[in-house]
Amino acid sequence: LPVINKKIVLNFYSDQQSPKVIDISPHNRLGDLFLKTLQKGIQQLNKSFPDDLHGKFVLQNEIEIGAGIGFSAALCVVISRWFAWKQWIE
């Protein structure tokens, strides 16, 4: 069953003036999981992590991690949508 009242939202704010290549908020287990999944996805696409990508990813998550209600799938969907925005996938 889909859990309709739970969601994960990913926003990316480009900032070429940022000293950090990538900043992820929040800085916790969610951010760590996001970064590892993002890096794995980039590797699967035979891409390298873009050195010129400056900005901030902001995650808003209402799905419990590890509860068996689809967090991993939802995380993959938001990352896939970002890849589509980057025109790395269709």
Spacing of [atom1] belonging to [X] relative to [atom2] belonging to [Y], to within rounding of 0.5 Å:
X: Ile42; Y: Trp82; atom1: CD1; atom2: CH2; value: 5.5 Å
X: Ile65; Y: Ser72; atom1: CD1; atom2: OG; value: 8.5 Å
X: Leu75; Y: Leu59; atom1: CG; atom2: CG; value: 7.5 Å
X: Gln44; Y: Lys47; atom1: CD; atom2: NZ; value: 14.0 Å
X: Lys40; Y: Leu35; atom1: NZ; atom2: CG; value: 14.0 Å
X: Gln43; Y: Asn46; atom1: CD; atom2: CG; value: 8.5 Å

Can you check whether [X] reaches [Y] side chain to side chain, under 4.5 Å on heavy atoms?
X: Lys7; Y: Val9; value: yes
X: Leu10; Y: Phe34; value: yes
X: Phe83; Y: Leu38; value: yes
X: Phe57; Y: Asn11; value: no
X: Lys56; Y: Phe12; value: no
X: Leu30; Y: Phe71; value: yes
X: Glu62; Y: Ile8; value: no

Which atom names give the shortest non-hydrogen contact between Gly70 and Ile63, and what distance separates them?
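In this case the closest contact between Gly70 and Ile63 is C-CG2, 4.3 Å.
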Distance-minimising heavy-atom pair for Ser80 and Ile89
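Closest approach of Ser80 to Ile89, heavy atoms only: O-CD1, 3.4 Å.
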Is the number of heavy atoms from other residues, nucleotides or ligands under 6.0 Å of Glu64 CD greater than 12?
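Not more than 12 within 6.0 Å, no.
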